[in-house]
Number of protein chains: 2
Amino acid sequence: MPSPATSELPVLRKVIRSSTIDLIADQIRNAIYSGSLAPGQSINEVRTAELLVVSRPSLREALQRLVSEGVMTHAPGRGVWVKRMTSDDIDDVYAVREAIEAQAVKIVIRSGKPIARIHQALATLELAIEENTARAIGDADLDFHHSIVACSGSVRLSDLMKVSMVHTRLLSLSDPRGYEVRCDLIETHRELNESIAAGNEPRALAVVGRVMAGAAARLHNPLTEPEAVIVRADDQDKLVDDQWSQLRDTMRA
Amino acid sequence: MPSPATSELPVLRKVIRSSTIDLIADQIRNAIYSGSLAPGQSINEVRTAELLVVSRPSLREALQRLVSEGVMTHAPGRGVWVKRMTSDDIDDVYAVREAIEAQAVKIVIRSGKPIARIHQALATLELAIEENTARAIGDADLDFHHSIVACSGSVRLSDLMKVSMVHTRLLSLSDPRGYEVRCDLIETHRELNESIAAGNEPRALAVVGRVMAGAAARLHNPLTEPEAVIVRADDQDKLVDDQWSQLRDTMRA
DNA sequence: CATATAACGTTGTCTGACAGTGTGACATCC
DNA sequence: GGATGTCACACTGTCAGACAACGTTATATG
C-alpha cells in the first residue's frame, strides 16, 4: 500500500508525452539514418501522410523540423526531399563534428565524469568490426562518438551530435560509390578512449582532429585507401523497413 | 539592350524565394531576439496567425522550426511558448558557443581567410560602447562573435552560431534582474581580434575560453561585478515593434 | 530539333470543424 | 481553511476538403 504522504511518494518520474510531430519526425529521421530513405528522395506529402496515417498538415509540421535540422531540403513549389550532400558538405560537417566532440572531450576530462558508456561503446564497436558488416560498423562508430558527447552531460551538445550523426550518415549515403566503412578505424578509437581515460587532454584533442581530418580526406579521395580495409554495404545489409520501402516504391524518381 | 547569349548574361544571382514559413519564423525569431517577445510568453495560435495575416497551419509549421532550434518550447495540449532559460542552461549554452567559436577561430587562423569583417564588427562594438545603450552593446557584442564564425566560411557553424546568439540573448532576457550588459568586455574582444590577426592560435583559443567562462560566471553570480560597468536596458531601449507589443497585450499571462 | 502549348500532378495555403485537453472559477466537503 | 470535486470556457491537436499557383512532363507545332 503506497504511502499517502505527498513528500514520501515513491520515485516517480515526470511523464513525458511526445507529440505526434515528434514521432513523425523521428520515424522519417530514422528511415533516413537507416538508409531506407535515400538522399535526393523526395517526399510526396499525400502518399506519405497516408502511409503514416496522419494528416497532411501534421506531416508538414514534422517536415519543417527536419528541414531546420538540415536533414531535408525545401524549395518553394517543389516540396521537400532528403538532403543530398555534395563534396562541399564534407569539410563542413566534419568541422562541426570536431567542434562538438573536441568540446565534449574537454568537458569530460576536466569534469572527471564517469566514462563507462564510452568503454562500452568501444566494446560494441570491436564486436561490430569482427562481425564485419558495414551497417553495424557504421552504427557502432557513430555511437562511440556520440557516447563521448553524451558523457559530457551537455544536452545541447548531445542534441547537436545526434543531428551531426545523421549528417555524417548522409555524407556516406550520398557518396556515388555507395555506403562504405573502413574497419581500420578501431586503432584511433582505442587511442581516443585511452586518452580520455588517462585525462590526457592535448592527446585526446589531437586524436579527435586526426579522426575528423582522416574521415573527411577519405570521403574526398576514395583511392588512397587499400581495398582490404573497406567494408561495403550490400543491399541486404540495410535495415529494411517494409513501410518505407513501400513508400520509396510509390514515390516519384 | 541585354545580350541574348545565355553565357554572356550580366552578373545575376540565383533568385532565392524564401518560403512563407521562413518569413514567419524569421519574424518571430527577431521578435524574441529584440525582446518584443519575452521568455515564457506563450503563443496564441489564432490571434498570432491573425496578426501575421497567415493561416493557423502555416504559423504552426513555422513554430516547429523554432521548437527544433530550441528557441521555443512545446508541450502537447499546452502549445508553444518562448523558452525560459534557467541557470542550468547557462553553462550549456556557453559550452556550445565555445565549441563553435573555438573551431571557427582555428579555421580562420589556419586558412588565413580575410578577417576584415571581424575588424569592422569590433569597430562597431567600440562605437556602441561609447553610445552606452544596453541593446546596442548587446547586439554589437554578439555580432562580433558571429563575424568570427562567418569568416570561417562554414555555413553550418554560422547557422549554429545564429541559433546560439538567440540562446544567449534568451539567457540575458530570462535573468530576473532584467537585460544587462557589461561595457568592460571590449578589452578581451580587442585581444581576441589581435590574436586572430596575428595568427596566434593558442592565445586566441585561450581568450575564447576566458570570454565564455567569464560570461557564464557573471550570469551565475551577479554580485561579483562592480555596478559601474553595467549597462541596464530600460524599457524604451528595446526595439519596440507595434505589431508584437499588440500581440503581447492580447496574449494570456 | 528547338520551342510553344496543354494536361497533369503537387505543393502552398486557407477555411472550417470538432474532439481532447488544460485552466481557472466556483461550489463542496472534511 | 485547505483540499477536493465540478463545470464552463479557451485553446490546442488533428483532420477533411478545397482551390489557386506552380512545376513537370508529354504533346503538338514551327
Side-chain angles (χ1 to χ4, degrees), chain A residues 2-9 14-28 37 40-68 72-83 247-253, chain B residues 4-7 14-28 40-68 72-84 247-253:
Chain A
S3 163
T6 322
S7 57
E8 294 177 18
L9 275 175
K14 183 161 69 172
V15 175
I16 332 176
R17 291 170 298 173
S18 38
S19 68
T20 309
I21 287 112
D22 268 317
L23 299 173
I24 301 174
D26 286 347
Q27 282 226 23
I28 299 179
L37 228 44
Q41 180 72 267
S42 71
I43 297 285
N44 181 315
E45 296 180 1
V46 177
R47 277 198 282 264
T48 308
E50 278 174 14
L51 203 59
L52 297 172
V53 199
V54 295
S55 67
R56 197 150 79 94
S58 297
L59 170 64
R60 283 176 61 94
E61 285 186 38
L63 290 176
Q64 289 302 329
R65 288 260 190 104
L66 299 167
V67 167
S68 86
M72 309 203 89
T73 312
H74 170 96
R78 283 191 297 160
V80 160
W81 61 92
V82 181
K83 180 160 173 71
L247 176 65
R248 202 172 49 244
D249 295 345
T250 55
M251 279 184 188
R252 66 162 184 234
Chain B
T6 322
S7 57
K14 184 161 73 172
V15 174
I16 349 176
R17 290 170 299 174
S18 37
S19 67
T20 309
I21 288 116
D22 268 316
L23 298 173
I24 300 173
D26 285 347
Q27 282 226 25
I28 299 178
Q41 180 71 265
S42 71
I43 296 287
N44 181 313
E45 296 180 0
V46 178
R47 276 199 283 266
T48 308
E50 278 174 13
L51 203 59
L52 296 171
V53 200
V54 296
S55 68
R56 197 152 77 95
S58 298
L59 170 64
R60 284 177 61 93
E61 285 185 38
L63 289 177
Q64 290 304 326
R65 288 261 190 104
L66 299 167
V67 167
S68 87
M72 308 203 89
T73 312
H74 171 95
R78 283 190 300 159
V80 161
W81 61 91
V82 180
K83 180 159 174 72
R84 177 179 276 138
L247 176 64
R248 202 171 49 242
D249 295 343
T250 55
M251 278 184 190
R252 68 166 182 230

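Sequence lines set the chain letters: A, B, ... in the order given, protein chains first and strands last, and positions in each chain run from 1.
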**Q** Can you confirm whether A/L52 sits close enough to A/L23 that some side-chain heavy atom of one is under 4.5 Å from a side-chain heavy atom of the other?
**A** no
**Q** Just the rounded figure in Å: distance from C1' of D/dC15 to CD of A/E50.
**A** 14 Å
**Q** Of all heavy-atom pairs between A/S42 and A/W81, which one has the smallest distance, and what is that distance?
**A** CA-CB, 3.4 Å
**Q** Using whole Å, what does the distance between atom P of nucleotide D/dA16 and atom CZ of A/R60 come to?
**A** 16 Å
**Q** May I ask you to evaluate whether B/N44 reaches the phosphate of D/dA10, defined as a side-chain N or O under 4.0 Å from OP1 or OP2?
**A** no
**Q** What's B/A75 touching, base or sugar-phosphate or nothing? Going by heavy atoms closer than 4.0 Å.
**A** sugar-phosphate
**Q** Atom CD1 of A/I24 and atom CD of B/Q64: how far apart are they, to the nearest 0.5 Å?
**A** 9.5 Å
**Q** So which protein N/O to nucleotides 14-20 of chain C N/O distances come out below 3.5 Å?
**A**
{"residue": "C/dC14", "atom": "OP2", "partner": "B/S55", "partner atom": "N", "Å": "2.8"}
{"residue": "C/dC14", "atom": "OP2", "partner": "B/S55", "partner atom": "OG", "Å": "2.6"}
{"residue": "C/dC14", "atom": "OP2", "partner": "B/S58", "partner atom": "OG", "Å": "2.9"}
{"residue": "C/dA17", "atom": "N6", "partner": "B/R56", "partner atom": "NH2", "Å": "3.3"}

**Q** Which whole-number value in Å describes the distance from A/I43 CD1 to C/dT10 C1'?
**A** 14 Å
**Q** Below 4.5 Å, heavy atoms only, C-beta onward: do B/D22 and A/H74 meet side chain to side chain?
**A** no
**Q** Whole angstroms only, please: what is the CG-C1' distance between A/L59 and D/dC15?
**A** 13 Å
**Q** Taking only N and O in the side chain of A/H74, is any of them less than 4.0 Å away from OP1 or OP2 of C/dT11?
**A** no
**Q** Can you name the side-chain hydrogen bond (donor to acceptor under 3.5 Å, both in side chains) partners of A/R56, sequence neighbours left out?
**A** A/E45
**Q** Send over the distance from A/E61 CD to C/dG12 C1', rounded to a whole Å.
**A** 15 Å
**Q** Considering heavy-atom distances to DNA chain D, does B/V80 or B/R17 have its closest nucleotide positioned more toward the 5' end?
**A** B/V80
**Q** How many Å lie between CH2 on B/W81 and P on D/dC11, as a whole number?
**A** 16 Å
**Q** Report the distance from atom CZ of B/R65 to atom CD of B/E61, rounding to the nearest 0.5 Å.
**A** 8.5 Å
**Q** With a 4.0 Å limit, can you tell me whether A/R78 has a side-chain N or O closer than that to the phosphate oxygens OP1/OP2 of C/dT11?
**A** no
**Q** Where do A/S58 and A/I21 come nearest, in terms of heavy atoms and distance?
**A** O-CG1, 4.2 Å
